[in-house]
Amino acid sequence: MSIAGWLQIILVLALVVVAAVPLGGYIVRVLAGEHNLLSPVLAPVERGFYRAAGVDERKEHGWLAYTMAMLIFSLFHLLVLYAMQRLQNYLPLDPKGFDPVAPDLAFNTSMSFVTNTNWQNYAGETTLTHFVQMLGLTVHNFLSPAVGLAMAVALARAFIRSEARTIGNFWVDMTRATLYVMLPLAVIVAVALVVLGVPQTLLGSVEATTLEGAKQVISLGPIASQEAIKELGTNGGGFLNANSAHPFENPNAWSNMLEIWALLVIPVATIFAFGRMVGDARQGLSLLWTMAIVLIVGIVAIYAAESYGNPILTALGVDPSLGNFEGKEVRFGQAMTALFATATTGTSTGAVNAMHDSLTPLGGLVPMFNMLLGCITPGGVGSGLYGIIVVALLSVFVAGLMVGRTPEYLGKKIEAREMKFVMFALLIYAVNVLGFAAASAIAPFVVGDSGYLGNKGPHGLSEIIYAFASTNGNNGSAFAGLNGNNLWFNTTLAFAMFLGRFGYVVPVLALAGSLAAKKKVAPSAGTFPTTGPHFVGLLLGVIIILYLLQYFPALALGPVVEHFLMLNGKSF
Amino acid sequence: MSTKMQALSLFDGAILGRAAGDAVRKLDPRQLARNPVIFVTEIVSLVVTILFVRDLVTGSDVAFFTGQIAAWLWFTVLFANFAEAVAEGRGKAQADTLRRMRSDTMAKRLVDPHTRQYQSVNALDLRIGDVVLVEAGDLIPSDGEVIEGIASINESAITGESAPVIRESGGDRSAVTGGTTVLSDWVKVKITAAPGSTFLDRMIALVEGAERKKTPNEIALSILLSGLTLIFLIVCVTLWCLAGYSGTTLTVTVLIALLVCLIPTTIGGLLSAIGIAGMDRLIRFNVVATSGRAVEAAGDVDTLLLDKTGTITFGNRMASELIPVPGITERQLAETALFASLADETPEGRSIVAYARSKYGLSEQNQTSEGMSFVPFSAHTRMSGVDLGRRTIRKGAVDAILRFAGVAMNGAPAPFRQAVDRIARTGGTPLAVAEDGKLLGLVHLKDTVKPDIRDRFAALRAMGIKTVMVTGDNPVTAAAIASEAGVDDFIAEATPEDKLAYIRKEQQGGRLIAMCGDGTNDAPALAQADVGVAMQTGTQAAREAGNMVDLDSNPTKLIEIVEIGKQLLMTRGSLTTFSIANDVAKYFAIIPALFIVTYPELGALNIMKLASPQSAILSAVIFNALIIIALIPLALKGVAYRPIGAAALLRRNILVYGVGGIIVPFIGIKALDIVVSALHLA
């Protein structure tokens, strides 16, 4: 670890916060339909959409109608995206002449982009046409975070309303999030990336002759535009298979810092927006501190574990001074790799600038833990906010009784109905991750010699757990040793993504409906305080005890034992 | 009865014996199904027991281990049942006492309410609307309202208070309760309760816990606990697969041991005991709540509506100041006032004597002499006093004394007139004193605020509870008393409608209100309030409208009721936190034990350095069972309540039950491991 490394980390995080504060205020105004910076340009466009779709923007919906709209929207796009891939050879912009995508892979990829996961069992440059990449995948890179933001704002509204029947209009929220938040930011970041050297072209590829005289095909495409929204929308699906480790996606240290900034800024801004919406910035801050502490501890852990290196390699005569550099890019270094890996899994981005599979066992444990929490530190666009609110409700309920009152959060009493939805959401995660991982771990065709694992022993188990943690948390990064492009993983991972997104948000929206309908209770000195260091400590305690303990046995058999084996000089 | 209630200690030998029997009876799965965590524990205990039998038959070398695990799992269930049975035990003993009072009474049912002709019927045959005659020596057969007559009644059977009370038709003292005895005179009572739903019946059902329904908060907590149980079930089932991948075949016995250690058996086992004990605390406090829901609501109360008289003030006017006219010393005035009051047995008179003695050191003996003749107060003269030889001393209403002294009001000295004005303005009563036609001064009588009430209101404020004084006084007087007592708000010249309006307004603002009342005109407000405490001496209407009845009819108790409600919720929260925090240590005991054979490296997680895998698992299971027993006293007595504000309370309880909950099992499991390995149990 070095001081220069730490300064870079601190600089990026500081820039995120500086930008997130005004952006949070902007998000609040936009989603409340108030006049804002871009209204003069975008308001007529917005109204045009509503007229074309026959949406009455003043009409709000109850939670059920809101949820149905969200589900119909998502399922419709799932089918469209699937059809696009299956028919890509009949569609334009196919400079390389690709075949249709196989059914199970198309299913997995459609689910992956509709759920904001961007798990990639395909290699973009050798599988998908520009048409599918741009009108299929990139469109969802905008829409899926917008859907997330809409749901988060709907839940936030539940806390500021009293005895309300409605939580907003899904179509309006989603349209505003796309038009005013995602699009303008994506344009800015894309231009900045082009300036920093990221290609933006409709050419398929160029051929080059190397110094040895060999022919090399270099894939090109509209990379900068894809790259910008990939990070901003916490999507993570790279245009190229090597993702942000590829020099065209992420050419230098500056582009790397910009990408990390971009993937953190909207989730963090959403938390500031929440503080503003509930009329108490400290409420947002205590959630943000909780996220920040998990994030920073993660950075320290990865940075330390990777800098320490692998004693087995050291014993073989590798110079340990640079740490473990397997799978990392020299142009980013240990510090920026640690920050990227933590940020990409703390959010639900899943873009990578190093191969997570090559991290040391403890280094790999951090991204895995971040994702097992459901990617809530600071989380995906929108999903981070509703994810941390679920944690907050659980914490308030468990510990809130200790002050001698029925637990309440932001003036809303947490009673049986709310606990039902919270526990349902938690159960979905446990079934999803542990259930699919356990089934995969005993399936002979997965773990056998000709199976899908890149490694045997505990690392093979880590690959499986990582895959389901990633898809459940709608992250999309992978321990790439796992071969996911087969019927089993294409299907199970797609279901994990589906349940991780929709199985979780349906109870969350039901929660929003139930909370909105409650009378807002006036705060007093007897009210459980949900700001300040004690609440942050409590949230961290619940995260560690209630979340980590669910996965402790699984992690013990994966990365933890792998770590101790490594220390004892054993490999497998 | 109340004396009996107090006498039953927490761990009365008889109750414990009965509870031990009940703990076994409660193993009936139909009963246990109400408690998902313990129900799951019972099912898996059965499974391990079957495995134990199998191991015995096959002569497996793990039979001894399996048998011990099975035994401790059964103990876990039994201990949980025992906790509930102990909590119920006291209630059952009380119910027996009450039931003896409900012996078959014969009632004198009037054929025509206007005559006194009656026929004898069994009390159980009385219907609502029947009118019965109750004469001296009779038991009142059922709850009802006096429609004619007046009688003194011994209500000690219900309240424990042996002093008789007066019940008469009309007004706010007309309600009578079945099971109480008429001591003198007679009354005609119109029956207002159907058989089986009288106050006594409800009380029996309540203390016995027969009608115990889960309260809203208990339901929410049960959902959390059931959810956690399901999650840990998934963890354990999937662990079998993950272990299989790693080359370890886990036995069902150890997986079940892990499951039972992880699911929240501690709070699951103690949850209903905490609820029952909370109700029981109220009952021992002579307050009967109609539902557990009301007790919980009491913990949530934001605003207390308190009647001034009797709650905030003593309700008697007492001497608080002596104001002599110019030329007279305070001591002279005190002496004279003392003389005038020596024979005055009214509270005011006695307070003057007490005040003169304590403030000026005057003693009764050297003031009393021969030849004193007392002049009692009469409504006609509106003064009283004493004739002492030639001295005539009088005290009384200002205008009466002025007339006695032969002074016109505007002829009285200016400081005197100002003092009269001042006292009247602040809600006090000026009492003038004169001797031999000479005006001496004034005694300021005022309603005195109870000495400790200010501190209690401050404590309530620290807990975020607002106190509101309700009084019939004018706003100026009310403001003076309000500021002296330290209440946050007051309603002056209050009518029952004002109370109701105030409650509605507070509830609209999202606050919960508690109040107490006794009159029929209090009934709407009692019903509207979230916690309405009716006085046992109040009317039937008031008692029906409230959700609690205070048998001692002491309105100050509202404060304690709130504290009991808070304590109940705090106990639940603290033990839940403790129970969940315990899981950390159990993981560190069991996980390395499960996989040490496949991965000796995981021994690094065995930070407690437990002797062997088997003793680690056994120690964790034993700890898990014993902690239930260890926490029964805390569950029944409740977590200590301190009015220090929510933030400080949270800090304290997180430290004690959260951090403590993480540390304690590390110590406990290590200690048990030493014992287990020393005894060669594993």
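Keep in mind that this is a model prediction, so the values were computed, not measured. We name chains A, B, ... by the order of the sequence lines, and we start the count at 1 in each one.
- In plain terms, the two heavy atoms of A:Leu461 and A:Ala441 that are nearest each other are CD1-CB, 4.0 Å.
- Ring geometry for A:Phe528 versus A:Phe535: interplanar angle over 60°, hence perpendicular rather than tilted (30 to 60°).
- Of the atoms belonging to A:Ile428, not a single heavy atom falls under 4.5 Å from chain B.
- Across all non-hydrogen atoms, the minimal contact from B:Asn624 to B:Val260 is ND2-O, 3.1 Å.
- Neither the backbone nor the side chain of B:Val237 comes within less than 4.5 Å of any heavy atom of chain A.
- Closest heavy-atom contact between B:Ala616 and B:Ala593: CB-CB, 4.1 Å.
- In this structure, A:Leu538 and A:Val398 have side chains that are not in contact, with every pair of non-hydrogen atoms separated by 4.5 Å or more.
- A 4.5 Å side-chain heavy-atom check between A:Ile442 and A:Val447 finds every atom pair outside the cut-off.
- For B:Phe588, the ring pair (Phe, Tyr, Trp, His ring centres under 6.0 Å) test picks out A:Phe552, with sequence neighbours left out.
- Within the 4.5 angstrom heavy-atom criterion, only side-chain atoms of B:Ile591, from C-beta onward, approach chain A.
- For chain A, the nearby part of B:Ala462 is the backbone; its heavy atoms alone come within less than 4.5 Å.
- In this structure, B:Leu568 and B:Ile274 have side chains that are in contact, with non-hydrogen atoms separated by less than 4.5 Å.
- Taking A:Leu549, A:Val422, A:Leu427 one by one and counting their heavy-atom pairs under 4.5 Å with chain B, the maximum is reached by A:Leu549.
- Two residues are said to be in side-chain contact when any heavy atoms from C-beta on lie closer than 4.5 Å; B:Ile590 and B:Leu262 fail this criterion.
- Minimum interatomic distance between A:Val278 and A:Ile160 (heavy atoms only, all atoms of both residues): CA-CG2, 3.6 Å.
- Note that CE of B:Met570 is 11.0 Å distant from CG of B:Leu650, once rounded to the nearest 0.5 Å.
- Per-residue heavy-atom pair counts under 4.5 Å with chain B were compared for A:Leu401, A:Val403, A:Val560, A:Ile464, and the maximum is reached by A:Leu401.
- Interface check for chain B: of the options A:Gly400, A:Gly457, A:Gly532, the most heavy-atom pairs under 4.5 Å are formed by A:Gly457.
- Both the backbone and the side chain of A:Leu565 come within contact range of chain B, judged by heavy atoms closer than 4.5 Å.
- Ranked by heavy-atom pairs shorter than 4.5 Å toward chain B, the options A:Pro458, A:Ala554, A:Gly537 are led by A:Pro458.
- Across B:Ile231, B:Leu649, B:Leu230, B:Ile219, the residue that shares the most heavy-atom pairs under 4.5 angstrom with chain A is B:Ile231.
- With a 4.5 Å cut-off on non-hydrogen atoms, A:Met423 touches chain B through its side chain but not through its backbone.
- Contact of the A:Leu555 side chain with the A:Leu372 side chain is registered, since non-hydrogen atoms from C-beta on lie closer than 4.5 Å.
- For chain A, the option among B:Val639, B:Leu605, B:Leu575, B:Ile465 with the highest count of heavy-atom pairs below 4.5 Å is B:Leu605.
- Of the two parts of A:Pro523, neither the backbone nor the side chain holds a non-hydrogen atom closer than 4.5 Å to a non-hydrogen atom of chain B.
- Using a 4.5 Å heavy-atom threshold, the side chains of B:Val562 and B:Ile559 count as separate.
- In this structure, chain A has no heavy atom under 4.5 Å from any part of B:Leu594.
- At a threshold of 4.5 Å between non-hydrogen side-chain atoms, the residues A:Ile543 and A:Phe369 count as touching.
- Proximity to chain B is limited to the side chain of A:Leu546, based on heavy atoms less than 4.5 angstrom apart.
- For A:Leu548, no part lies under 4.5 angstrom from a heavy atom of chain B.
- The contact between B:Leu228 and chain A is made by backbone and side chain atoms together, counting heavy-atom distances below 4.5 Å.
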Donor-acceptor pairs under 3.5 Å, chain B versus chain A:
unit_1	atom_1	unit_2	atom_2	d
B:Tyr245	OH	A:Gly457	O	2.8
B:Tyr245	OH	A:Leu461	N	3.2
B:Asp300	OD1	A:Thr406	N	2.5
B:Asp300	OD1	A:Thr406	OG1	3.2
B:Asp300	OD2	A:Thr406	OG1	2.3
B:Asp302	OD1	A:Arg405	NH1	3.2
B:Asp302	OD1	A:Arg405	NH2	3.1
B:Met463	O	A:Gly526	N	3.3
B:Gly464	O	A:Ser524	OG	3.3
B:Gln507	O	A:Lys519	NZ	3.0
B:Gly510	O	A:Ala522	N	3.2
B:Lys566	NZ	A:Gly404	O	3.4
B:Met570	N	A:Leu401	O	3.4
B:Tyr587	OH	A:Leu549	O	2.4
B:Glu601	OE2	A:Lys570	NZ	2.4
B:Ala646	N	A:Ala525	O	3.3
B:Asn653	ND2	A:Met402	O	2.9

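- Note: A:Val431 leads A:Ile544, A:Ile414, A:Val431 in heavy-atom pairs under 4.5 Å with chain B.
- Two residues are said to be in side-chain contact when any heavy atoms from C-beta on lie closer than 4.5 Å; B:Phe595 and A:Val561 fail this criterion.
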